[in-house]
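Take a look at the structure below.
Numbering of ligands and ligand atoms starts at 1, following listing order.
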Amino acid sequence: MDLRQSKELYERACAMLPGGVNSPVRAFRGVGGTPIFFREGSGPFLTDVDGNRFIDLVGSWGPLILGHAHPAVVEAIERAARSGASYGAPHAGELELAELMRAAVPSLERVRMVSSGSEATTAAIRLARAATGRDLILKFDGCYHGAVDSLLVKAGSGVETLGLPDSPGVPGALAALTLTAPFNDLDYARDLFARKGDALAALIIEPVVGNMGVLPPKPGFLQGLRELCDRCGALFICDEVMTGFRVARGGAQERFGLRPDLSTFGKIIGGGLPVGAFGGRADLMSLIAPAGPVYQAGTLSGNPLATAAGIATLRELSHPGFYEHLESATARLTEAIARHAERLGIALCINRVGSMFTLFFCASAPHDAASARQADAKRFGRFFHELLAEGVYLPPSQFEAAFLSAAHRDETIDAIASAAARALERI
Ligand code: PLP
């Protein structure tokens, strides 16, 4: 495969952008090699600057549940752009998007739009601390909630890929306010709540971890945490930036029957444009400025282009059978890959929830960060490159989720499964 122009651009980029990229996990450090520069996305496909075409399983890390350049989303953005890119003042689109979100996610009694998932989690933590008058927060090992000072403690995603335990630059005194616990270990959480629960403002969790690779919650784990929070007055913040409108229309909280106090969103609700949101109980959200004293603001919050893309996306997702179809298509793909691995005698576990999944080369399915780290990441790297050579673009890291979109039709899924079979034979 000719990647000359990508390599040239990467060399130029390294002289200008730290590490040659604008977000670490794009840099291929987790799998080796150099990143590919793309020039176009269409449906399930990405075309790079050298003209190579790939079936895309990254979907911009989750937002593109309809695939690239979906006609309804493109039309909405074009129409919005003709009416002006930003007003810095209220408009109907931001309200409509919030109402569409609430219709799907009943716990969102009030919503504040922001411009990224990181902004949403930052504000949710601030609000939880203000509402409870407590400083401690609890997160789970391997969960990533954005490049947020308080939350860059045992974070997965790019932090895991680069092997950074935490980030320099986060003051120790701030990190000390963030407690951590293993995902899926309710006994550990019970013990921690018994000791620290009364000082805990909130826990924040990825209800399905996507940022250590996909780790599904064990039955009862999320409900058990909810009860622990209720007993000691800590808030439950459900980080649905990845799972929102992905694992069900009502997100993980619908799928697992959960009612969080606060939730954070991003990715899909922006249809590929920069959007985030947080929301939840009306009494808590009424503390947000200007309704209340907890400050939160943004020049481009509720941006007309971004909300138009989000509204167009969410409307498509409300078509009957959308999620059932997407989930069964994803299951068909992962089952086909698993069968090929079994035939070849390769130890492969595929964790999947809805249309998000991760391949782990190991004998038993990882259920927390520690077991995910046991998977053979070197073999994953070899598989990634063999699959890339077959024209399929997986997330370039063991510790990320792959995503299927509604644009991946049956013939595309068959093509991925056959490519995976050939790639597996070579690793
Ligand atoms: N929370 C989760 C669960 C995420 O997966 C991410 C990003 O991947 C974030 C928060 C941060 O969102 P953003 O990258 O839009 O700031």
Side-chain angles (χ1 to χ4, degrees), residues 21-27 30 58-65 105 112-126 128 137 139-162 167 178 183 202-217 222 236-247 251-253 255-256 258 260 262-279 296 298 300-301 303 306 309-310 313 353-358 369 372 395-397 399-403:
V21 292
N22 278 316
S23 196
V25 81
R26 297 177 193 172
V58 179
S60 187
W61 305 98
L64 302 182
I65 193 164
V105 186
R112 165 63 56 89
M113 308 302 310
V114 295
S115 298
S116 72
S118 299
E119 239 188 292
T121 55
T122 305
I125 296 287
R126 183 180 307 138
I137 54 171
K139 75 177 285 292
F140 292 83
D141 186 4
C143 286
Y144 176 71
H145 304 288
V148 177
D149 278 358
S150 293
L151 299 170
L152 280 177
V153 179
K154 292 201 179 171
S157 190
V159 186
E160 190 69 36
T161 303
L162 299 181
S167 175
T178 304
F183 190 77
L203 68 75
I204 183 165
I205 191 164
E206 285 187 79
V208 174
V209 184
N211 288 291
M212 256 333 262
V214 171
L215 307 172
L222 297 170
F236 190 118
I237 305 174
C238 193
D239 183 353
E240 299 248 31
V241 168
M242 189 179 285
T243 53
F245 296 90
R246 167 62 66 179
V247 298
Q253 46 197 284
R255 195 170 175 121
F256 299 106
L258 196 66
L262 294 171
S263 305
T264 53
F265 287 82
K267 297 192 192 270
I268 287 176
I269 62 160
L273 269 66
V275 176
F278 66 101
Q296 197 290 320
L300 294 179
S301 294
N303 172 264
T313 302
V353 178
S355 55
M356 52 193 274
F357 63 96
T358 300
S397 165
F399 304 112
E400 299 290 349
F403 300 96

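Separation of atoms CZ (Arg255) and CG (Leu222) is listed at 12.0 Å; rounding is to 0.5 Å. Considering CZ of Phe399 and OG1 of Thr358, their distance stands at 10.5 Å, rounded to 0.5 Å.
Taking every heavy atom of both residues into account, Leu215 and Phe183 meet most closely at O-CE2, 3.7 Å.
Within ligand 1, counting atoms from 1 as listed, the ones closer than 4.0 Å to a heavy atom of Ser118 are 11 (C), 12 (O), 13 (P), 16 (O). Atom numbering of ligand 1 starts at 1 in the shown order; those under 4.0 Å from a heavy atom of Met242 are 5 (O). The ligand atoms of ligand 1 that sit less than 4.0 angstrom from a heavy atom of Ser116 are 15 (O), 16 (O). Near Glu206, the atoms of ligand 1 lying under 4.0 angstrom from a non-hydrogen atom of the residue are 3 (C).
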Check your understanding: Going through the distances and angles, do Thr122 and Glu119 end up as a side-chain hydrogen bond (donor to acceptor under 3.5 Å, both in side chains)?
Key -> CA-CA 5 Å; Thr122 305; Glu119 239 188 292; over 6 Å; no
**Study point:** Derivation and outcome, side-chain contact (heavy atoms from CB on, under 4.5 Å), residues Phe140 and Val209
**Key:** CA-CA 9 Å; Phe140 292 83; Val209 184; over 6 Å; no
Practice item. Applying side-chain contact (heavy atoms from CB on, under 4.5 Å), run through Asn211 and Glu400 and close with a yes or a no. Key: CA-CA 5 Å; Asn211 288 291; Glu400 299 290 349; 3.6 Å; yes
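For the residue pair Arg126 and Gln296, no side-chain donor N or O sits within less than 3.5 Å of a side-chain acceptor on the partner.
Within the 4.0 Å heavy-atom criterion, neither part of Thr243 lies near ligand 1. Residue contacts with ligand 1, taken as heavy atom pairs separated by less than 4.0 Å, involve Tyr144 via backbone and side-chain atoms alike.
Of the N or O atoms in Asp239, one or more lie within a sub-3.5 Å distance of an N or O in ligand 1. Considering backbone and side-chain atoms alike, Glu119 places every N or O at 3.5 Å or more from each N or O of ligand 1. Polar contact check, His145 against ligand 1: no nitrogen or oxygen pair lies under 3.5 Å apart. At least one N/O-N/O distance between Lys267 and ligand 1 falls below 3.5 Å.
Checked against Leu262 for a side-chain contact (heavy atoms from CB on, under 4.5 Å), the options Ile204, Asp239, Ile237 give a single hit: Ile237.
Counting heavy atoms only, Gly117 comes closest to atom 12 (O) of ligand 1 of the residues Ala120, Gly117, Gly62, Pro274. Heavy-atom proximity to atom 5 (O) of ligand 1, evaluated over Val25, Asn211, Val241, is greatest for Asn211.
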